[in-house]
Amino acid sequence: MTTQPAALATRCVHAGELDDPHGSPHTPIYTTTTFKFPSTAAVLDVVEGRKAGALYTRYGMNPTIQALEEKLAALEDAEAAWAFCSGMAAESALFLTYGRTGIVCLGDAYGGTLELLSAQLPTLGIPGYFLLGDELDALPSLLKRGAGLVFFETPTNPTLEQFDIAAISEIAHAHGAFVAVDNTFASPVNQNPLALGADFVVHSATKYLGGHSDLTAGALMGAKNALAPVWSWRKNLGQTIAPEIAAQLARSLRSLPVRVERQNATAMKLAQAMRSHPGVARVLYPGLPDFPGFDLAKRQMRGFGGMLTIEIKGGGDAATRVADKLKLFALAPSLGGVESLVTQPCTTTHHGLTPEERARRGISDAMLRLSVGLEDADDLIADLNQALA
Ligand SMILES: *Cc1c(COP(=O)(O)O)cnc(C)c1O
């Protein structure tokens with residue numbers, strides 16, 4: 001392992017890079033599937049874990065993947081990280097390793113996560129429990145019943161609700177349960193759940209870590225011993241990241257802080273501009289002092305993120321008209337890329353829920369979720385103004 005320099009920006013550039021014999025300043029792509037050895041003794045050193053090394057790419061034992069994983073670990077100040085072919089792959093490997101006695105999901109979560117926990121894992125005998133933010137009093141009793149993993153996102157989609165990572169970790173640990181935080185929305189630039197007490201961090205690297213809407217990948221970070229059993233699930237479910245994607249993701253990570261810091265700043269400008277717009281009923285952004293989660297966000301986040309949600313006056317149809325009139329914001333449901341995106345949650349991410357269920361989660365049809373890219377803030381505000389006019 002290379003020693004990790006203290007500052008995140010430096011780690012993003014330098015952590016985990018291979019010392020290339022030809023002088024490449026960054027890790028080359030080894031598309032190789034298998035790696036040869038000088039002797040059987042050398043094979044056994046790697047197979048029996050006495051030496052780190054390359055062996056077989058699906059195992060993740062490939063220099064390009066291993067270099068990426070060292071960089072991913074450095075981003076969250078973790079002992080170790082595994083890279084996956086998607087965010088859902090990272091989540092499902094974690095759930096199968098640590099969730100078998102039951103998983104408690106707090107707050108709103110990604111649609112795929114909710115489907116996995118509510119419809120698929122129960123068919124394997126793995127119970128999923130769901131508590132919204134105002135139901136956390138029920139957490140200890142679920143943990144007493146044996147649930148071994150608490151999983152949540154913070155901020156959540158699309159209301160950007162904050163969950164207290166330190167407080168929830170304390171409750172879970174008191175009952176012998178593990179805590180995993182999906183840190184996709186915040187990114188490691190803005191929030192480090194492990195430092196606040198969580199045991200695992202999951203990322204859909206498809207979003208901010210990849211940052212250009214051009215790759216699908218996932219990551220899981222945590223303590224080395226805790227991650228060890230997840231490795232076998234990843235290996236045998238065949239969920240490892242491809243070396244080409246690993247190199248593409250490592251490239252993106254080198255510029256992660258620059259991108260996210262700009263996205264934070266632009267999102268704040270948009271939030272302020274939209275708050276005083278007569279066509280906007282409400283702005284949900286963790287960096288606004290009147291946002292319900294502002295104090296908690298200030299405590300557990302270094303930056304407030306590039307995601308904001310605006311509620312349009314005039315209801316769902318008015319919001320659809322605004323979304324359809326935006327020109328710079330592309331109408332697409334993902335997030336975290338260099339290009340700004342807009343989505344109306346009731347038509348995409350939360351389309352599968354009944355209106356009552358959406359209301360229970362505080363999601364109105366008039367909401368538009370914005371993922372702020374790297375365009376000029378004034379241009380983005382002008383685009384919103386013309387669409388709202
Ligand atoms: C997109 C997303 C996922 C799933 O990630 P994939 O890379 O698409 O598998 C999980 N959690 C959150 C918060 C997401 O936004």
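We're numbering straight along the sequence, starting at 1. Ligands are counted one by one from 1 in listed order, and the atoms in each one are counted from 1 as well. In what follows, every heavy atom counts, from backbone to side chain, and hydrogens, waters and symmetry copies are set aside.
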Note: Arg234-Glu69 ion pair, threshold 4.0 Å (strictly below): yes
Pull out every atom of ligand 1 sitting under 4.0 Å from any heavy atom of Ala217, numbered as shown with elements. 7 (O)
Nearest non-hydrogen protein atom to atom 5 (O) of ligand 1, with distance, is Ser204 OG, 2.9 Å
Is there a polar contact between ligand 1 and Gly87, counting only N or O atoms under 3.5 Å apart? yes
Report yes if some heavy atom in the side chain of Leu328 is under 4.5 Å from a heavy atom in the side chain of Ser340; otherwise report no. no
Taking the side chain as everything from C-beta on, heavy atoms only, tell me whether Leu296 gets closer than 4.5 Å to Pro286. no
Taking only non-hydrogen atoms of Ala205, do any sit less than 4.0 angstrom from ligand 1? no
Could an N or O of ligand 1 be found under 3.5 Å from any N or O of Leu335, whether backbone or side chain? no
Ranked by distance from atom 4 (C) of ligand 1, the top protein heavy atom is Tyr110 CE2, 3.4 Å
Looking only at protein heavy atoms, which one is nearest to atom 9 (O) of ligand 1, and how far off is it? Met88 N, 2.9 Å
For the residue pair Lys51 and Phe37, would you count it as a cation-pi contact if the rule is NZ or CZ under 6.0 angstrom from the ring centre and within 45 degrees of the ring axis? no
Per-atom contacts, ligand 1 versus Thr184 - under 4.0 Å to a heavy atom: 12 (C), 13 (C), 15 (O)
What pairs with Asp379 under side chain to side chain donor-acceptor pair (under 3.5 Å), at least two apart in sequence or on another chain? none
The closest protein heavy-atom partner of atom 11 (N) of ligand 1 is Asp182 OD2, 2.7 Å
Side chain, backbone, both or neither: which part of Ser334 comes within less than 4.0 Å of ligand 1 when only heavy atoms are counted? neither
Answer yes or no: is there an ion pair linking Glu356 with Arg360, defined by an N-O contact shorter than 4.0 Å? no
If hydrophobic clusters are built by linking Ile, Leu, Val, Met, Phe, Trp and Tyr wherever their side-chain heavy atoms come under 4.5 Å apart, do Leu380 and Met367 end up in the same one? yes
Is the shortest distance from a Lys or Arg side-chain nitrogen in Lys327 or Asp383 to a carboxylate oxygen in the other one below 4.0 Å? no
Which protein non-hydrogen atom lies closest to atom 7 (O) of ligand 1, naming both residue and atom, and how far is it? Thr206 OG1, 2.6 Å
Does Arg262, at its CZ atom, have more than 12 non-hydrogen atoms belonging to other residues, nucleotides or ligands within less than 6.0 Å? no
Best match, Lys207, Glu91, Glu153: closest heavy atom to atom 14 (C) of ligand 1: Lys207
Provide the number and element of each atom of ligand 1 under 4.0 Å from a heavy atom of Ser86. 7 (O), 9 (O)
